[in-house]
Amino acid sequence: MKRIVWMVLGGVSVFLGCAQGPLARGGARKAPGARTAEYMANPVGLDCAAPRLSWKLSARSAKARDLRQAAYQIQVATSVAVLTSGTPDLWDSGRVASGQSLNVAYAGKPLASSQRCYWRVRAWDNAGDTPSAWSAPARWVTGVMRPAEWQAQWIGANAATRPDCDLAGAKWIWAGDAASLGQAAPGKRHFRKVFDAPQGAGGAPVLLAVTADDEWEVFINGQLAAKTWGHLNEWRFLRFIDVAKFVKPGRNLVAVTVVNKEPGPTGLLAMLRFASWLASAQSPKGWQETADGFAADGWKAAAVAGDVDCQPWGKLVRRLETVSPAFEKRFTVKKVVDQAILHITGVGFYEASLNGKRIGNKVLDPAPTKYDKRVLYSTYDLTGFVPPGENRLNVLLGHGWYDVRSVAVWNFDNAPWRDFPRLIAQLELTYTDGSRETVCSDATWRQVASPVGFDCIREGEVIGQPPPGAPDLAKTVVMAEVVPAPAGTLSASALPPSVVAQRLPPKAVREVKPGVWVADFGQNTAGWAQLKIRGQKAGDVVTIRYGEKIKEDGTLSLEGTDAHFRYPASFRVLPGGWFQVDRFVCDGSAEQVYEPRFTYNGFQYVQL
């Protein structure tokens, strides 16, 4: 660890040393170092009108003592040349008598969007009038300074690629045990239905679509198949659960308990492709597991409360789309670009590339927020990367924390902000002749094929396989759709980003049983694995599981790790998903690279 040679006490810089004499006089300090704006070194994308500037001071000699900053001078300009000329065009603070070296607010001319701001500082000490040398130039780049300067529109996947669950024939039902639905008393109601399942289903997923007001449990043939968890259960979000392992060929029974937590409407909406239900406030023996021969005394036909989107519940969210949508904008540059600044975000996550090269090194961006309060965007300086001629800007979206589909006890699938992924992008080009052009996200962007068929922050990804029935976007022209913005305020991401901080080689790789290998990375970490895959046939599925423990036989153990995970959602693309599980579907190439983009895992061991 580097020795700290300065400290800040109440905003006053103090030089530390241990000697006396002339070394404590003028010229004893170095040029200020470690310059930051808003606590970051050379940040790109600040949208505050007065960024706070800071620097650190140190003595030329370790023998110096009792040195204090007595004054400072800051200069800010639009270029290094103007800055070092001595006549900065944005701000010159002049000599300010102050010991402050932390969070000195910019007080110059109003800043424009996408503006480069170069700055330097020098300081005087308490022993003389000779200033230090100027610091080396630092800089910051502004974001979008005023909301009205966003010209771009939010875009998302075309509605034709975002299928809803077909709830034809489904109804809201209730027990009919009060004078009106609005007068239903608190307590439990029970519903049951006998149905026939087809022979030879072949292990295919059986989709249960269910919601209820307020809480619910679903039993199939006497086994608990699904229930609400946690403290927040939002009935407007249908939950989709694969219940295939509970359903048998022939006669089956589905039974549901609904809990009304307070006086007022209560009801159930569920679909397994069957019709009528019986309802009761009683729960006699056998009601959950006896299909035929059950004595239904006291039970009556459930009352229909209304159609799927009826009041008092209103519109239900019943999206079935799973793919991580991808978009492309081609644009032609006819002049030489002097400056190129991109402002962009996508929720839940995004990955952007220009002409096939990934932009920046951020991962899992933007940082999660309460998206109905604030949405963060990033700014990238792409100067030198936008050549004359045709250019191609691509953005891949992940669902992230914005649109969690799998179910865990924290119920992020019920989050009030939840919606399908969307992005906003604004590329501002300044040409050498001074003219400007802006490339914005809008309805002219094309939706293109995505390599990610499913992503979930907790569950993992399915890479290389699109969802069933998805259009072939490599052959079909489908345009992006302009969509509403998230409710939260769009703000610059003025914080250190998530990046790949370290690459760990495995300490050991063992074949624990035929066709199953476990890699031990020697320490617990947060991240993901990268694999080079060779020799696999098209359609081969490589399953990657992450965990913190192993069993006695050497295979992966999720004991405790998945304790709060409940229901996967990836079965709509590829059955077999669970907590911290990725699937990579090979295309038959001689070599492929597996690396997820929109999920991370806590692990020491990776099982393949």
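Among residues two or more places apart in sequence or in another chain, the side-chain contact (heavy atoms from CB on, under 4.5 Å) test is passed with E595 by W528, Q530. Scored by the ring pair (Phe, Tyr, Trp, His ring centres under 6.0 Å) test, F565 finds W578, F579 as partners (sequence neighbours excluded). Every residue two or more places apart in sequence or in another chain that forms a side-chain contact (heavy atoms from CB on, under 4.5 Å) with E234 is listed here: R236, F237, N414. Remark: F598 engages no residue in a ring pair (Phe, Tyr, Trp, His ring centres under 6.0 Å) (not counting sequence neighbours). In this structure K334 satisfies the side-chain contact (heavy atoms from CB on, under 4.5 Å) test together with T332, sequence neighbours excluded. Under the side-chain contact (heavy atoms from CB on, under 4.5 Å) criterion, A138 pairs with R35, N42, W119, not counting sequence neighbours. For W150, the ring pair (Phe, Tyr, Trp, His ring centres under 6.0 Å) test picks out Y377, with sequence neighbours left out. In this view, Y371 and Y402, W417 satisfy the ring pair (Phe, Tyr, Trp, His ring centres under 6.0 Å) rule, not counting sequence neighbours. For D381, the salt bridge (Lys or Arg N to Asp or Glu O under 4.0 Å) criterion is met by R116, R139, not counting sequence neighbours.
The shortest side-chain heavy-atom distance between K362 and S378 falls under the 4.5 Å cut-off. Counting heavy atoms from C-beta on, the side chains of I341 and L427 never come closer than 4.5 Å. Side-chain contact check for D47 versus V144: every heavy-atom pair is 4.5 Å or farther apart. With contacts defined as side-chain heavy-atom distances shorter than 4.5 Å, the pair R120/T84 qualifies. Counting heavy atoms from C-beta on, the side chains of R458 and W401 come closer than 4.5 Å. At a threshold of 4.5 Å between non-hydrogen side-chain atoms, the residues C456 and S570 do not count as touching. Side-chain contact between L90 and T78 is present, with heavy atoms from C-beta onward closer than 4.5 Å.
For the side-chain hydrogen bond (donor to acceptor under 3.5 Å, both in side chains) with N394, the qualifying choice from R358, R446, E328 is E328, the only one to do so.
Side chains of N524 and Q604: a donor-acceptor N/O pair is absent below 3.5 angstrom, by distance only. Q73 and D92 share a side-chain donor-acceptor pair at under 3.5 Å. Counting only N and O atoms by type, the side chains of K329 and T444 include a donor and acceptor under 3.5 Å apart.
Here the closest non-hydrogen pair linking Y546 and A529 is OH-N, 3.0 Å. Scanning both residues, L53 and A37, for their nearest heavy atoms gives CD2-CB, 3.8 Å. Across every non-hydrogen atom of D403 and P421, the tightest pair is OD2-CD, 4.1 Å. Of all heavy-atom pairs spanning A340 and L429, the tightest one is CB-CD2, 3.7 Å. Residues V333 and P387 come closest through the heavy atom pair CB-O, 3.6 Å. The two residues S98 and Q69 come nearest to each other via the heavy atoms O-NE2, 3.1 Å.
Atom OG1 in T130 sits 8.0 Å away from atom CG in D125 (nearest 0.5 Å).
Residue pairs satisfying the ring-ring contact (aromatic ring centres under 6.0 Å, His included) criterion with at least one member in residues 421-451, sequence neighbours excluded, are absent. Listed by first and then second residue, the ring-ring contact (aromatic ring centres under 6.0 Å, His included) pairs that reach into residues 330-349 come to none, sequence neighbours excluded.
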Only pairs under 3.5 Å count here: list side-chain donor-acceptor contacts from residues 481-493, not counting sequence neighbours, and write none if there are none.
from: E481; atom 1: OE1; to: A159; atom 2: N; distance (Å): 3.0
from: E481; atom 1: OE2; to: R162; atom 2: NH2; distance (Å): 3.1

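With a 6.0 Å cutoff to the six-membered ring centre and a 45° limit on the axis angle, R422 counts as a cation-pi contact of F420.
One finds no salt bridge joining R597 and E461 here, because no Lys/Arg side-chain nitrogen approaches an Asp/Glu carboxylate oxygen to under 4.0 Å.
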